[in-house]
Amino acid sequence: MTLVLGPLYSGKKAFACKLLHCDESELSHYAVWNVQERAAAAENLELLAEELAGYQVVISTEVGGGVVPVDAEQRAAREAAGRLNCLLAQRADTVVRVFYGLPLILKGSLPQ
């Protein structure tokens, strides 16, 4: 599994399409995205990470930067997203951070 992380609108899906040699209409066959939203609702992050690790590519938007929310529920959702990203990174063969459309390999390597 390849984990693709980055800020909102940073080119994560476009990068995943290049990686998978598909267009965005086919991406859902190989990848899952917005997993940070699923983390907020998950009762068991370990089980969610195991489920998501079955995809070829998992795309997660970084939500931990910036101002800390006053609302406790929003803080808990951000914490869950960060913990899920840690669990996914442990399971991933490759971890890529995409920023301004540029991939930075954090773990593993990309296929040639």
Side-chain angles (χ1 to χ4, degrees):
M1 180 261 291
T2 298
L3 176 61
V4 179
L5 305 160
L8 194 62
Y9 306 115
S10 62
K12 297 179 299 294
K13 279 187 181 179
F15 172 78
C17 288
K18 276 186 182 178
L19 183 68
L20 295 167
H21 306 290
C22 69
D23 60 42
E24 203 164 316
S25 66
E26 301 171 309
L27 190 58
S28 64
H29 298 291
Y30 312 102
V32 61
W33 50 90
N34 292 333
V35 297
Q36 71 282 355
E37 294 171 4
R38 293 177 67 177
E43 291 184 25
N44 186 326
L45 291 175
E46 288 278 349
L47 288 177
L48 178 57
E50 282 299 316
E51 174 191 334
L52 295 173
Y55 287 87
Q56 280 184 271
V57 175
V58 176
I59 303 170
S60 180
T61 300
E62 294 174 357
V63 295
V67 178
V68 176
V70 173
D71 182 67
E73 189 173 310
Q74 290 178 351
R75 285 194 310 272
R78 286 171 56 154
E79 177 71 20
R83 291 187 183 279
L84 178 62
N85 284 341
C86 290
L87 294 168
L88 290 170
Q90 291 171 355
R91 289 165 173 76
D93 299 313
T94 305
V95 178
V96 181
R97 183 169 194 264
V98 178
F99 199 72
Y100 295 125
L102 301 172
L104 174 63
I105 311 304
L106 302 176
K107 177 182 176 183
S109 61
L110 295 176
Q112 296 300 328

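These values consider heavy atoms only, across backbone and side chains, with no hydrogens, waters or symmetry-generated copies.
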**Student:** So, for Leu84 and Leu45, which heavy atoms are closest and what is the spacing to 0.1 Å?
**Tutor:** CD1-O, 4.0 Å
**Student:** Using the rule that Ile, Leu, Val, Met, Phe, Trp and Tyr join whenever any side-chain heavy atoms are under 4.5 Å apart, tell me whether Val57 and Leu52 fall into a single cluster.
**Tutor:**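 Shared cluster, no.
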**Student:** Between Arg97 (side chain only) and Gly6 (backbone N and O only), is there a donor and an acceptor less than 3.5 Å apart?
**Tutor:**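 Checking the backbone N and O of Gly6 against the side chain of Arg97, no donor-acceptor pair under 3.5 Å is found.
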**Student:** Could you identify which residues cluster with Leu47, counting Ile, Leu, Val, Met, Phe, Trp and Tyr as linked when any side-chain heavy atoms lie under 4.5 Å apart, either directly or through a chain of such contacts?
**Tutor:** none
**Student:** Who else is in the cluster with Val67 when I, L, V, M, F, W and Y are joined by side-chain contacts under 4.5 Å?
**Tutor:**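 Once heavy-atom contacts under 4.5 Å are chained together, Val67 still belongs with nothing else.
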**Student:** Taking all heavy atoms of Ala31 and all of Tyr55, pick out the closest pair and write down the distance.
**Tutor:**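 Ala31 and Tyr55 have their closest heavy atoms at C-CD2, 3.8 Å.
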**Student:** Is it true that a side-chain atom of Asp23 and a backbone atom of Glu26 form a donor plus acceptor pair closer than 3.5 Å?
**Tutor:**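 Flag set: sc Asp23 to bb Glu26 pair under 3.5 Å.
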**Student:** Closest heavy-atom contact between Val63 and Ala81?
**Tutor:**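 Closest heavy-atom pair between Val63 and Ala81: CG2-CB, 3.7 Å.
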**Student:** Could you tell me which non-hydrogen atom of Leu27 sits nearest to which non-hydrogen atom of Ala16, and how far apart they are?
**Tutor:**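 Nearest heavy atoms, Leu27 then Ala16: CD1-CB, 4.0 Å.
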**Student:** Calculate, to the nearest 0.5 Å, the distance between atoms CG and NZ belonging to Leu19 and Lys13 respectively.
**Tutor:** 15.5 Å
**Student:** Of the non-hydrogen atoms in Pro103 and Gly101, which two are nearest, and what is the gap between them?
**Tutor:** CD-O, 3.7 Å
**Student:** Using side-chain heavy atoms (C-beta onward) and a distance below 4.5 Å, is Leu88 in contact with Met1?
**Tutor:**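 Yes, their side chains come closer than 4.5 Å.
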**Student:** Are Val35 and Leu20 connected in a single hydrophobic cluster, I mean Ile/Leu/Val/Met/Phe/Trp/Tyr linked by side-chain heavy atoms less than 4.5 Å apart?
**Tutor:** no
**Student:** Hey, is Arg83 close enough to Glu79 for a salt bridge, meaning N to O under 4.0 Å?
**Tutor:**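 A salt bridge links Arg83 with Glu79.
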**Student:** Under the 3.5 angstrom rule, does the side chain of Ser60 hit a backbone N or O of Leu5 as a donor-acceptor pair?
**Tutor:**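 No, the answer is negative, given that no donor and acceptor are paired below the 3.5 Å cut-off.
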**Student:** Under a 3.5 Å distance rule, please check whether Arg78 uses its side chain to pair with a backbone N or O of Gln74 as donor and acceptor.
**Tutor:** no
**Student:** Atom CG of Leu110 and atom OG1 of Thr2: how far apart are they, to the nearest 0.5 Å?
**Tutor:** 7.0 Å
**Student:** Does Lys12 use its side chain to pair, donor to acceptor, with the backbone of Thr61 at less than 3.5 Å?
**Tutor:** no
**Student:** Return the minimal non-hydrogen interatomic distance between Arg91 and Ala53, and the atom names on each side.
**Tutor:** CD-CB, 4.1 Å
**Student:** Using the side-chain contact (heavy atoms from CB on, under 4.5 Å) rule, pick out the option among Glu51, Gln56, Arg38 that qualifies with Val32.
**Tutor:**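 Passing option: Arg38.
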**Student:** Kindly compute the distance separating CG (Asp93) from NZ (Lys107), expressed to the nearest 0.5 Å.
**Tutor:**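 Going from the CG atom of Asp93 to the NZ atom of Lys107 covers 7.0 Å.
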**Student:** How long is the straight-line distance from CG of Leu3 back to CG of Asn85, given to the nearest 0.5 Å?
**Tutor:** 6.0 Å
**Student:** Hydrophobic clusters here meaning ILVMFWY residues chained together by side-chain heavy-atom distances under 4.5 Å, can you tell me if Leu106 and Val58 are in one?
**Tutor:** yes
**Student:** Any chain of hydrophobic side-chain contacts (each under 4.5 Å) joining Val4 to Ile105?
**Tutor:**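 Yes; Ile105 is reachable from Val4 via cluster members.
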